[in-house]
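Note that these values count all heavy atoms, side chains included, but never hydrogens, waters or copies made by symmetry. Everything numeric here is computed off the predicted structure, so don't read it as measured data.
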Amino acid sequence: MVEGMREDLADLYVESRTTAPSDPYRRPSRRSFLNQLTVDMRRPAFAMVIAETDGLRGCAFGFPVGGDGSWWLGFDGALPRSIEQLTVSGNVFAFADILIPPRPHARELARRVQERLLTDHQASLGVTLVDRADRPTFDALRSWGWLDIGELRRPAGATTFRTLVLPIGERTTARLEGLVTMPGGGGPSGA
């Protein structure tokens with residue numbers, strides 16, 4: 001099913017990742033998105049949720065995080081114990097991408113596709129990585145309820161990522177209280 005939608009998904013990627021000409025950050029190209037989608041689709045238990053009405057409105061996709069903790073290699077500092085426990089128990093799902101164009105009701109659509117993926121995989125915590133320089137994506141995820149827990153740099157990569165988590169359910173949210181880091185040392189907006 002996903003294979004036949006690759007070009008539509010690439011269109012959605014472009015639409016959801018528009019940047020202002022003055023923005024110094026340049027997002028990966030359409031071709032890079034398609035190449036990464038191919039890699040992600042080959043991962044064990046890859047899953048995608050698609051929202052459509054009269055056309056493709058949004059989607060989210062990813063894969064369960066393995067219980068061995070290898071996904072967290074390169075995390076700056078000690079991984080919070082509650083996240084370690086959720087990882088070992090198989091309750092963490094990595095979002096490879098969330099494609100929601102900036103339209104009215106984007107927040108509600110994002111909430112629905114994210115929760116559906118987590119529920120389908122019986123995960124209580126979503127995790128994603130955002131290039132530290134990609135402020136528009138970081139800000140959108142934060143507005144959708146994601147919490148910033150620190151930085152991660154893959155051993156073979158030059159990019160530093162912000163690590164964000166999305167807890168589902170009151171018990172998971174309570175376990176993560178106090179983990180949120182604020183860029184710039186500010187309040188909830190990071191200001």
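Two residues are said to be in side-chain contact when any heavy atoms from C-beta on lie closer than 4.5 Å; Leu37 and Met48 meet this criterion. Side-chain atoms of Leu141 and Thr137, non-hydrogen and from C-beta on, do get closer than 4.5 Å to each other. Here the side chains of Arg142 and Leu164 are in contact, with some heavy-atom distance below 4.5 Å. Between Leu129 and Leu152, the closest side-chain pair of non-hydrogen atoms falls below 4.5 Å. The closest side-chain heavy-atom distance from Phe33 to Val14 is not below 4.5 Å. Between Ser89 and Thr87 the shortest side-chain heavy-atom distance does not fall below 4.5 Å. Side-chain contact between Phe61 and Asp40 is present, with at least one heavy-atom pair separated by less than 4.5 Å. The shortest distance between side-chain heavy atoms of Leu34 and Glu7 falls below 4.5 Å.
Between Phe75 and Pro80 the shortest heavy-atom distance is CE2-CD, 4.2 Å. A pairwise comparison of heavy atoms in Cys59 and Leu9 identifies SG-CD2, 3.6 Å as the closest pair. Heavy atoms only, all atoms of each residue included: Phe138 and Val130 are closest at N-CG1, 3.9 Å. The heavy-atom pair separating Pro101 from Ala106 by the smallest distance is O-CB, 3.7 Å. Of all heavy-atom pairs between Pro102 and Ser16, the closest is CD-CA, 4.2 Å. The two residues Gly145 and Leu166 have their closest heavy-atom pair at O-CD1, 3.6 Å.
Looking only at distances, no side-chain donor or acceptor of Arg162 sits under 3.5 Å from a matching main-chain atom of Asp148. Under the 3.5 Å distance criterion, the side-chain polar atoms of Thr128 are matched with a main-chain donor or acceptor of Phe95.
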Thr38 vs Arg6, side-chain contact (heavy atoms from CB on, under 4.5 Å): CA-CA, chis, key distance, verdict: CA-CA 9 Å; Thr38 300; Arg6 288 172 50 82; 2.8 Å; yes
Applying side-chain contact (heavy atoms from CB on, under 4.5 Å) to Gln85 and Asn91, what does each step give before you reach the verdict? CA-CA 9 Å; Gln85 292 169 341; Asn91 291 315; over 6 Å; no
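Interatomic distance, Thr160 OG1 to Arg153 CZ, rounded to the nearest 0.5 Å: 3.0 Å. Tyr13 contributes atom OH, which lies 7.0 Å from atom OG of Ser29 (distance to the nearest 0.5 angstrom). Atom CG of residue Leu147 and atom OG1 of residue Thr163 lie 12.0 Å apart, to the nearest 0.5 angstrom. To the nearest 0.5 Å, atoms CG (Leu12) and CG (Leu99) are separated by 5.0 Å.
Salt bridge Arg30/Asp11: present, at least one basic N to carboxylate O contact under 4.0 Å. Ion pair Glu15/Arg57 not flagged as a salt bridge, since none of the NZ, NE, NH1 or NH2 atoms sits closer than 4.0 Å to an Asp/Glu carboxylate oxygen.
Within a 6.0 Å sphere centred on CD of Glu108, heavy atoms belonging to other residues, nucleotides or ligands number more than 12. No more than 12 heavy-atom neighbours from other residues, nucleotides or ligands sit within 6.0 angstrom of CZ on Arg116.
Using a 3.5 Å distance cut-off with no hydrogens or angles, the side chains of Gln114 and Trp146 do pair a donor with an acceptor. A donor and an acceptor atom, one from each side chain of Thr159 and Arg132, are nowhere located under 3.5 Å apart.
A centroid separation of 6.0 Å or more is found between the aromatic rings of Phe63 and Phe46.
Taking the ring centre of Trp71 as origin, the terminal cationic atom of Arg154 falls inside the region bounded by 6.0 Å and 45° from the ring axis.
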